[in-house]
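Small disclaimer: the values here were computed from a predicted structure and weren't measured. Every number for a ligand or one of its atoms is a count from 1 in the order of the listing.
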Amino acid sequence: MTARKILTIFGTRPEAIKLFPLAHALDADERFVSRICVSAQHRDILDQVLQIAGVVPDHDLNLMRPDQTLDGLTAALLTGLGKVMDEEKPDWVVVQGDTATAMSGALAAYYRQIPVCHVEAGLRSGNIYHPWPEEVNRKVIGTIARLHCAPTETSAAALTRENVDPATVHVTGNTIIDALQWVTKRIGDEPSLATGLADIEARFAGKRIVGVTSHRRENFGGGLEAIADAVRRLAARDDIALVFPVHPNPNVRAVMNGALEGLNNVALIEPLDYPHFARLLDICTLMLTDSGGVQEEAPALGKPVLVMRETTERPEGIEAGTAKLVGTDADVIVAEANRLLDDEAAYSAMARAHNPFGDGNSSARIADLLASS
Ligand code: UDP
């Protein structure tokens with residue numbers, strides 16, 4: 001049997017986190033010739049993941065530009081990724097999730113009639129402006145893909161409801177659990193990979209840690225300001241410290257630095273590499289976030305998550321009781337966080353390790369599907 005050539009395409013931090021386990025699996029498997037193309041829709045925070053995972057791209061489009069528009073980015077992605085496909089002539093293209101890179105990769109493959117495997121298929125919020133533009137990106141990929149790797153039964157059902165052929169939909173789990181297990185083991189083998197928070201841990205000794213992340217495009221403006229206000233108000237408590245790795249997006253930085261710099265028990269820090277973010281998840285009491293990936297990782301670790309979004313395409317954590325939607329109203333965020341910090345019963349009801357998103361073997365399942373489909 002000749003090996004199948006798989007071109008895996010990604011460009012942002014969360015895609016890299018969710019695809020490095022598959023890249024490892026394909027590399028180690030004689031059934032495949034694996035090629036990696038990164039768009040670098042993100043640059044530094046993408047490179048952080050490539051480095052820790054030991055993934056060396058065969059192609060790097062280096063497309064990140066300041067103040068890039070969505071249409072400018074998409075145009076550059078389509079032509080850039082198309083050229084790579086013409087050169088590589090892969091048997092399959094793999095994309096993950098819902099970014100402009102993933103959508104453009106799927107479209108460029110479709111223009112060449114190359115089959116597409118969609119990792120993390122079928123997530124739907126039902127609202128095309130939340131998350132924006134990712135809800136529609138994901139639907140476009142769903143229309144094109146020949147192999148849909150749905151993380152959960154819920155996401156598989158969303159696809160079949162949209163008349164996707166059930167024979168092409170497979171519940172594989174979410175590869176983020178593979179990534180989290182991999183990085184946890186790496187830290188176990190080499191603890192120095194995650195000791196960079198020691199100063200912060202010492203500075204806040206005796207306080208409970210609340211982790212915060214926020215970067216959603218639909219929260220730019222009022223939403224981010226409300227989140228900053230909530231963090232500032234929570235920082236008035238002297239029994240907690242808020243550790244906030246600030247996303248490099250200038251829209252996020254301007255608001256957060258302006259509102260939160262100089263507060264005694266708020267640490268505004270640079271984005272953490274994946275081992276250090278895993279460490280933050282480990283030491284925190286709870287997470288406040290608008291991130292997709294953190295909504296998946298925190299339940300796996302039994303850490304309550306307050307989701308600062310109006311809606312989510314990941315209802316599983318909420319149904320399992322480890323995540324709660326709190327929107328972007330500062331009063332609600334503060335009240336819900338205080339409730340978890342003050343009411344032990346409310347806290348333990350949410351702090352149950354539960355893993356609706358996978359068992360850590362998703363990449364192996366996807367590799368088997370790529371070999372047999
Ligand atoms: N993450 C990280 N360092 C950070 C913040 C987040 O490694 O400082 C990881 C986190 O563990 C998760 C992913 O980045 O796996 C989430 O990415 P992000 O929130 O940027 O995007 P989303 O998941 O919302 O698409």
Side-chain angles (χ1 to χ4, degrees), residues 10-21 41-53 64 95-103 119-120 123 125 130-135 137-138 151 174-184 186-187 193-194 196-197 200 209 211-220 223-224 227 242-249 251-253 256 267-284 287-301 303 305 307-309 311-314 317 323 357-358 360 362:
F10 53 93
T12 63
R13 171 175 65 194
E15 289 169 284
I17 289 174
K18 290 172 173 180
L19 282 174
F20 80 70
Q41 183 177 335
H42 287 163
R43 185 71 272 174
D44 295 348
I45 59 177
L46 169 74
D47 292 341
Q48 280 180 332
V49 183
L50 295 176
Q51 200 202 347
I52 181 70
M64 187 169 135
V95 296
Q96 195 282 338
D98 57 13
T99 65
T101 296
M103 190 269 288
V119 176
E120 199 188 65
L123 278 64
S125 72
H130 287 269
W132 175 72
E134 288 84 0
E135 176 83 354
N137 284 345
R138 207 187 285 272
N174 197 314
T175 52
I176 199 163
I177 305 300
D178 306 27
L180 193 57
Q181 291 181 359
W182 183 89
V183 82
T184 305
R186 276 289 275 128
I187 297 169
L193 285 174
L197 291 176
I200 287 181
I209 302 289
V212 187
T213 79
S214 174
H215 72 103
R216 293 292 328 148
R217 193 182 283 268
E218 65 273 10
N219 282 343
F220 288 179
L224 286 185
I227 290 169
L242 296 115
V243 178
F244 189 165
V246 184
H247 198 277
N249 189 304
N251 294 291
V252 180
R253 296 226 146 174
M256 296 309 167
L268 288 181
I269 57 178
E270 288 300 312
L272 294 169
D273 66 15
Y274 198 41
H276 284 97
F277 197 78
R279 174 75 187 160
L280 175 60
L281 286 170
D282 196 33
I283 61 173
C284 76
M287 291 296 301
L288 303 180
T289 191
D290 62 8
S291 155
V294 179
Q295 287 178 63
E296 294 154 346
E297 293 160 329
L301 299 169
K303 300 296 172 137
V305 200
V307 182
M308 301 183 293
R309 294 192 187 189
T311 175
T312 180
E313 68 282 35
R314 295 174 170 84
F357 296 105
S362 303

So I187 and D282, side-chain contact (heavy atoms from CB on, under 4.5 Å) or not? Walk me through it.
CA-CA 12 Å; I187 297 169; D282 196 33; over 6 Å; no

Among R309, R216, R314, R217, salt bridge (Lys or Arg N to Asp or Glu O under 4.0 Å) partner for E134
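The residue from R309, R216, R314, R217 that satisfies salt bridge (Lys or Arg N to Asp or Glu O under 4.0 Å) with E134 turns out to be R216.
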
Take K18 and V119 through the test side-chain contact (heavy atoms from CB on, under 4.5 Å) and record every step on the way to the result.
CA-CA 9 Å; K18 290 172 173 180; V119 176; 5.8 Å; no

Any idea which residues sit under 4.0 Å from ligand 1, heavy-atom distances?
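Within the 4.0 Å shell of ligand 1, which is judged on heavy atoms, sit R13, P14, I17, I176, H215, P245, P271, L272, Y274, F277, S291, G292, G293, E297.
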
Going by atom types only, do T312 and Q295 share a side-chain donor-acceptor pair under 3.5 Å?
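Indeed, the side chains of T312 and Q295 share at least one donor-acceptor pair under 3.5 Å.
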
Can you tell me if T213 and T289 form a side-chain donor-acceptor pair at under 3.5 Å?
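Yes.
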
Does H276 reach the main-chain N or O of G196 with its side chain, forming a donor-acceptor pair under 3.5 Å?
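Between the backbone of G196 and the side chain of H276 there is a qualifying donor-acceptor contact (under 3.5 Å).
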
